[in-house]
Amino acid sequence: MLKDNRSGFGLISIAIHWVSAIAIFFMFGLGFYMVDLGYYDPWYHKGPALHVSIGLLLLLLTLVRLGWRLINPKPKPVPGVGKWQHWAAEAMKIVLYALLLTLLISGYLINSAEGKGPMLFDWVSFPVFIQIDPAQVDLAGFIHRIFGWLIVILAGVHGLAAVAHHFIFRDRTLVRMLKPVKPEHTQ
C-alpha cells in the first residue's frame, strides 16, 4: 500500500500530493496576508519566516516527489477516460510541476539575494548556490507573485476536474488519489 503500481497510487504518493496541496494553498494565503502587514504587526517578521520555512520544506518534498515518480511504476489511465482527458491531465501535471519549481526557485533567489541562505525554522541555513543582484530581486518577486497566482488557479482547476470525474463522469480518478492501491502480487 506504500508504493504505486500499474493499478493506482500508493500511500506515499497520496500523502505527498495532499501535503503539497495543503502547503501550496496555505503559503498562498499567508503570502497574500503578508503583503499588507505594517512594520509593527506581530506577523511582520513571523509571517515571512514561516513562509520561507514552509517553502523550503515544499522544495525538498517536491524533489522527493519527483524522485519517487522516477522509481515507481506509473499507474495506467483510468478505464473509460478519453485520450484527450488523459493527455490534458498529463499536461496539467507537467505545468503544475514547472510552475511549482519556478515558484520555489524564485522564492529561494529572493531570500538568498543578500548572500545569506534562507533559514528553515531557525534550525538550518540553506547554502547560497546562486546569488542574484539587488536589481533582479524585483523581477524574482514579480515572477514569484505571478506564478503563485497561476499555480493556485491551475491547482483549483485540477481539483475541480477531479471532482467532475467523481460526480459527473463517475470514474475512479479522484478515488485513486484518496485511497491507496493494494500491492500487486507476483507469482
Side-chain angles (χ1 to χ4, degrees), residues 2 4 9 11-72 89-162 177:
L2 293 177
D4 303 346
F9 297 101
L11 187 58
I12 293 174
S13 291
I14 292 170
I16 290 172
H17 176 270
W18 290 109
V19 168
S20 297
I22 290 166
I24 288 166
F25 280 96
F26 175 79
M27 297 263 298
F28 180 80
L30 181 58
F32 193 78
Y33 171 73
M34 290 185 318
V35 172
D36 292 326
L37 292 177
Y39 183 77
Y40 295 105
D41 191 296
W43 275 91
Y44 184 80
H45 295 288
K46 290 179 196 174
L50 181 61
H51 189 83
V52 168
S53 292
I54 294 173
L56 291 170
L57 289 175
L58 188 57
L59 176 60
L60 294 173
L61 185 62
T62 301
L63 295 175
V64 167
R65 182 182 203 167
L66 292 171
W68 185 250
R69 282 188 58 113
L70 288 173
I71 64 171
N72 272 278
E90 289 300 313
M92 178 65 87
K93 284 181 203 171
I94 292 167
V95 169
L96 285 171
Y97 282 134
L99 288 173
L100 182 57
L101 286 170
T102 304
L103 182 70
L104 294 168
I105 290 168
S106 65
Y108 169 84
L109 291 173
I110 293 165
N111 280 279
S112 61
E114 293 180 350
K116 296 186 321 186
M119 290 294 292
L120 177 66
F121 295 113
D122 286 332
W123 299 332
V124 177
S125 176
F126 274 55
V128 177
F129 294 110
I130 301 170
Q131 184 178 352
I132 57 175
D133 59 62
Q136 296 170 318
V137 172
D138 287 339
L139 175 60
F142 175 77
I143 290 169
H144 195 72
R145 185 174 61 253
I146 296 301
F147 278 52
W149 276 100
L150 284 173
I151 199 165
V152 164
I153 290 167
L154 289 179
V157 169
H158 175 69
L160 287 173
M177 196 43 74

Should Met119 and Val124 be marked as a side-chain contact (heavy atoms from CB on, under 4.5 Å) after you check the CA-CA gap, both sets of side-chain angles, and the distance that decides it?
CA-CA 6 Å; Met119 290 294 292; Val124 177; over 6 Å; no
Listed pairs under 3.5 Å, donor-acceptor, residues 17-35 side chains, sequence neighbours left out:
| residue | atom | partner | partner atom | Å |
| --- | --- | --- | --- | --- |
| Trp18 | NE1 | Met177 | O | 2.7 |
| Ser20 | OG | Ile16 | O | 2.8 |

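- Closest approach of Pro118 and Ser112 over heavy atoms only: CD-CB, 4.3 Å.
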Verdict with reasoning, Leu100 to Leu58, per side-chain contact (heavy atoms from CB on, under 4.5 Å):
CA-CA 9 Å; Leu100 182 57; Leu58 188 57; 3.9 Å; yes
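- Heavy atoms only, all atoms of each residue included: Val128 and Lys116 are closest at CG2-C, 3.5 Å.
- In the displayed structure, Asp122 atom CG is contacted under 6.0 Å by at most 12 heavy atoms of other residues, nucleotides or ligands.
- The two residues Ile14 and Phe9 make their nearest non-hydrogen contact at CD1-O, 3.8 Å.
- The minimum heavy-atom distance linking Val137 with Ala113 is given by the pair CG2-CB, 3.4 Å.
- Counting only distance, with no hydrogens or angles, the side chain of Thr62 and the backbone of Tyr97 share no donor-acceptor pair below 3.5 Å.
- The ring-ring contact (aromatic ring centres under 6.0 Å, His included) pairs that include a residue from residues 101-122 are Phe121-Trp123, where partners are two or more places apart or lie in different chains.
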Give the C-alpha distance, both sets of side-chain angles, the deciding distance and a yes or no for side-chain contact (heavy atoms from CB on, under 4.5 Å) between Phe126 and Val52.
CA-CA 11 Å; Phe126 274 55; Val52 168; over 6 Å; no
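- By the 4.5 Å heavy-atom criterion applied to side chains, Leu101 and Leu66 are counted as neighbours.
- Listed by first then second residue, pairs satisfying salt bridge (charged side-chain N to carboxylate O under 4.0 Å, His left out) with a partner in residues 92-107 read Glu90-Lys93, not counting sequence neighbours.
- Heavy atoms from other residues, nucleotides or ligands lying under 6.0 Å from CG of Leu70 number more than 12.
- Between Arg69 atom CZ and Ile71 atom CD1 the span is 12.5 Å, to the nearest 0.5 Å.
- Annotation: side chain of Thr102 is not in contact with side chain of Ile151 (no heavy-atom distance under 4.5 Å).
- Counting non-hydrogen atoms of other residues, nucleotides and ligands closer than 6.0 Å to CD of Glu114 gives a total of 12 or fewer.
- Of the inter-residue distances, the one linking Leu104 atom CG with Leu109 atom CG reads 11.0 Å to the nearest 0.5 angstrom.
- Atom-to-atom distance recorded for Phe147:CZ and Leu99:CG is 6.0 Å, nearest 0.5 angstrom.
- A donor-acceptor distance shorter than 3.5 angstrom exists from the side chain of Asn72 to the backbone of Asp4, with no hydrogens or angles considered.
- Closest approach of Met92 to Val157, counting heavy atoms only: CE-CG1, 3.9 Å.
- The minimum heavy-atom distance between Ala140 and Ser106, with the atom names listed, is O-CB, 3.8 Å.
- Note: Leu56 CG to His51 NE2 = 10.0 Å, rounded to the nearest 0.5 Å.
- The CZ atom of Arg65 lies 12.0 Å from the CG atom of Leu63; values are rounded to the nearest 0.5 Å.
- To the nearest 0.5 Å, atoms CD1 (Ile54) and CG (Leu59) are separated by 14.0 Å.
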